[in-house]
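Encoded as structure tokens, the structure appears first; notes follow it.
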Amino acid sequence: MVNLTIDGKQVAVEKDATIYDAAKACGIKIPILCHDKKLHPFGGCRMCLVEVEQMKGRLIPACTTPVTEGMIVQTTTDEIVKARKLVLELLLLKHPIDCPVCDAAGDCDLQNLTYEYKVNMNRFVDEKFNHEIDYENPLIERDMNRCIHCGKCARICDEIVSYGAYTFINRGIEAKMGTEFDGPLNCEFCGSCVSVCPVGALNSRPFKFKARWWALQKTKSVCSYCGTGCQLTLGSKDGKVLTTIYDENQGFHNGQLCTRGRFGYQFVNSDKRLTAPMIRKNGNLQEATWEEALAEVTSRLSAGKSDPASVAALATPRLTNEELYLFGKLFRGTVGTDNIDHSAGYAHEALTKGAVASFGVAASPAEIADVQKSNLLLVVKSDAYETHPVIGFEINLGVKRKGIALRIVSDKKGKLTRLPGAKTTVHAPGNEVALFNALCKSVIDQGLAAEGVAGLDALKAAVADATAEKAGVTAEEIAAIAKEFASAEKALIILPIGQGYPGHNAALANAAANLAILTGQYGKEGAGLLIMGEKNNSQGAVDMGIYPKGTGLNAAAIIDGCANGNIKTLFVAGENPVVSYPNRKKVEKALENVEFMVVSDLFLTETAAMADVVLPACSFAEKSGTFTSLGRRVQNVRKAIPAVGLAKSDFDILNALSQALGGARYNNQGEVFTEIAANVPAYKGLTQAGLKDEGAVYPVALSAKLVPAAAQASAPVAGKLTLVTGSALYHCGTMSRFGEGPMYVCPDAYAELNVADAAALKVAEGDQVTVTSGTGAVQVVAKVGKRVPQGVVFSPYHFGEGSVNTITDGSEVTYVTVAKK
């Protein structure tokens, strides 16, 4: 530690701290414009000038000057204040004074500092800039006339997002923050640049002219898209969520959000929200009262209690833990059916079957913090950036700043592939298990297995014939990865799961876990297996037991039961099987056949439109409770706005049904959490109040075991391409379709082809193509590039029109033909 004195206060800080860090640690505020704690020090704005007794004669920037032992610092002498006023005058020389129409007014550091330092006149005069304002993209407005050249947009885009959309161009008085060829902004539109811009140069277009910052009500909550568990602050006014507010001190991610979290909140305010219950009468859904709708549902579920095998229920892992717990208690306890599931059934098997068999717990043995504590990351599919973008940022930071080695095994290349030192091994689609088996065999053959690993003989026998060729890669690649992984001090495997990845199931989790266990890479920080659930509360849904545990049917069997008439009553809470479950025609036919279906949802989805009763549900912004992230962090979700229309939370819906059916009744969701803490071992000792803003990571007691995993052969089919599905960066499930931001950037389904395949098919970027499989055909837009290897076509699964589940059946890969329309 280093000891120094700042404004008379003694403070001890880490030796790599700056004066700014030290001042902040003892509660002294130093003004900054170009500093952000996530970014490398820049020292460009000169607002943080301070005086150091040992360096008399000049003022130095606090944000770039490291502390030294015995340093004596003054932060607010007359000379310092005079210098800061001069800096502000110079910044205002070119800066337009257009606060009345600037959306950053009230959230502008330059405006605040000008006020604080009482700069009410300027000794300097010059013409203002007249840069053309960039309105060309739908999400970010760029007005470089307001730019103060702090460089934060360029630095965050380069250092954390790893896209590099901005750069300084020109020099001196003509310098400005530009883009590629000084054209319109063309990037991923994550909005990180907007979040750190200290003035109004970069603004969120969806928020433009919606409200002044000081009029917003601020509510800390958790993002409702993917399983990363990013904390966010919702800015709301007049019962609507109008924006998300950047807070660099929020969450493990220091306020960093992806495009969904920052620009995807509009689904809460969508005009398409359901605002009243509906009951099907004479073939049409008609508005009804809550009493009528709940009476109808209660009557059917009550009748189902005498034949519980005829009742089934599907829930989205977007519900809170309290709602999911109540969901399980209602259907498994009160109604008496074990036919409950979520996410199409297979999307959680890596946790519910794989992790349980390999580690003895239905959760990852690692947590998100391990990403930056590792020495080597082995990412299964480079889509980790697209499925969980903020974890992609964590990987970026680990690789760039800490020199963590990055190895990727995937069926296509991606953004992570381009990180410094990253090596991507592209394998044949669907061969992930075969690849991990080959890695395990190579570890054994190279004599790199950890000492005393239980079950080693059985694993040796199981992988005896595993070869690199069976995985579609070279023996040299396998040997190199195996050696690097086993030899690393700490190595972590990152595995995304979800409805877009039917092959990422229990067998793959076992195969990946085998590599970690075999090499001793688990049970310590920076090592193990991080299984990344797709939705915001995928881990919570597993923790609350929302899957069949006994003789009950999983989601696929429930759909089959609807088709064959064995399931007569189906309750669907937030799921949209018509678009997101494999084989759309089969699902539609099954749901048409079920006698009675009730759907609670925010929107009249493709599934809700087929229901007999539709119940309008609340969004995450309209309720409180908890979500559990993929890293096992349980976090508070807080109500920010009133319910839309007559919508009720799923807690209120399920609580009312439970009471009507003779089950438990709760006064509030907090009572349910107390019951969860008493009955779910991992949550023992937790309280909602105790979670505070940070949340709590629940511990896991590992019981590691090698579990041989059988690899399924996946050989190419002559004349056909191999279809793999997954997530698009801008979307998560089917809910993001109702967020304006994601739909501005990625509005339609598409098929991504290799340039060679596209040329052979005479398909160009933007052409309409027909993709045909054994289960159907779908027409989508073609994308052409080099990310996807020859012979492979990739398509995201989020869209209702051109839905890819029309041509998939739940297999790891699907063989298709592609033809220009």
Side-chain angles (χ1 to χ4, degrees), residues 274 277-280 285 288 290 292-319 323-345 541 544-548 552-563 565-578 580-581 587 590-618 648-664:
L274 292 168
M278 291 186 286
I279 297 176
R280 188 171 298 279
L285 286 171
W290 270 106
E292 292 170 331
L294 290 177
E296 186 86 4
V297 178
T298 300
S299 174
R300 288 296 305 213
L301 293 179
S302 182
K305 290 172 71 175
S306 61
D307 183 17
S310 69
V311 180
L314 299 168
T316 174
R318 297 201 186 283
L319 303 186
E323 291 168 338
L324 290 165
Y325 181 85
L326 190 49
F327 181 91
K329 193 166 181 176
L330 171 64
F331 289 100
R332 186 171 277 140
T334 304
V335 176
T337 179
D338 194 35
N339 301 331
I340 65 173
D341 208 346
H342 73 276
S343 291
M544 298 305 119
I546 308 304
Y547 56 93
L553 305 176
N554 64 17
I558 288 171
I559 296 299
D560 289 339
C562 293
N566 290 335
I567 299 298
K568 303 185 187 310
T569 300
L570 178 63
F571 191 104
V572 181
E575 287 273 85
N576 188 9
V578 170
S580 60
Y581 284 21
V587 173
L591 298 185
E592 286 171 356
N593 192 55
V594 70
E595 287 184 7
F596 181 81
M597 179 168 71
V598 54
V599 174
S600 66
D601 208 307
L602 279 66
F603 302 97
L604 190 65
T605 64
E606 294 81 355
T607 300
M610 299 176 68
D612 297 286
V613 175
V614 178
L615 306 176
C618 290
K648 291 180 181 288
S649 70
D650 285 279
F651 169 81
D652 286 334
I653 295 170
L654 296 167
N655 199 27
L657 290 172
S658 176
Q659 183 181 14
L661 291 164

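One is the number of the first residue; the rest follow in order along the sequence.
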From [atom1] ([X]) to [atom2] ([Y]), nearest 0.5 Å:
X	Y	atom1	atom2	value
Glu323	Ile546	CD	CD1	11.0 Å
Glu292	Met278	CD	CE	13.5 Å
Lys648	Leu615	NZ	CG	10.5 Å
Leu274	Phe603	CG	CZ	8.0 Å
Leu602	Arg318	CG	CZ	10.0 Å
Trp290	Ile653	CH2	CD1	4.0 Å

[X] side chain to [Y] backbone, donor-acceptor under 3.5 Å:
X	Y	answer
Ser310	Asp307	yes
Asn554	Gly345	no
Asn593	Cys562	yes
Thr337	Ala309	no
Ser299	Glu296	no
Arg332	Gly545	yes
Ser658	Leu654	no
Thr298	Ala660	no

task = Carefully, step by step, assess Phe571 and Val599 under the rule side-chain contact (heavy atoms from CB on, under 4.5 Å).
result = CA-CA 6 Å; Phe571 191 104; Val599 174; over 6 Å; no
Minimum heavy-atom separation for [X] to [Y], with atom names?
X	Y	value
Ala555	Tyr581	CB-CE2, 3.9 Å
Ala573	Leu319	CB-CD1, 4.2 Å
Gly552	Asn339	CA-OD1, 3.4 Å
Leu314	Pro577	CD1-CG, 4.2 Å
Asp650	Ser600	OD1-OG, 2.9 Å
Leu285	Val614	CD1-CG2, 3.9 Å

key: Summary of salt bridge (Lys or Arg N to Asp or Glu O under 4.0 Å) pairs that have at least one residue in residues 566-578, sequence neighbours excluded   =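 Matches after skipping sequence neighbours: none remain.
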message = Please enumerate all residues that pass salt bridge (charged side-chain N to carboxylate O under 4.0 Å, His left out) together with Lys329, with sequence neighbours excluded.
response =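 Per chain and number, Lys329 pairs via salt bridge (charged side-chain N to carboxylate O under 4.0 Å, His left out) with Glu675.
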request  = Identify which one of Ile567, Leu301, Thr569, Leu570 satisfies the side-chain contact (heavy atoms from CB on, under 4.5 Å) criterion when paired with Phe596.
outcome  =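 The residue from Ile567, Leu301, Thr569, Leu570 that satisfies side-chain contact (heavy atoms from CB on, under 4.5 Å) with Phe596 turns out to be Thr569.
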message = Does Leu591 form a side-chain contact (heavy atoms from CB on, under 4.5 Å) with Met597? I'd like the steps, not just the answer.
response = CA-CA 8 Å; Leu591 298 185; Met597 179 168 71; 3.9 Å; yes
inquiry  = As a quick check of understanding, evaluate side-chain contact (heavy atoms from CB on, under 4.5 Å) for Tyr547 and Ile340, giving each step before the final call.
reply    = CA-CA 5 Å; Tyr547 56 93; Ile340 65 173; over 6 Å; no
inquiry  = Could you walk me through whether Val578 and Met610 satisfy the side-chain contact (heavy atoms from CB on, under 4.5 Å) test, starting with their C-alpha distance in whole Å, then the side-chain angles of each, then the deciding distance to 0.1 Å, before giving a yes or no?
reply    = CA-CA 10 Å; Val578 170; Met610 299 176 68; 3.8 Å; yes
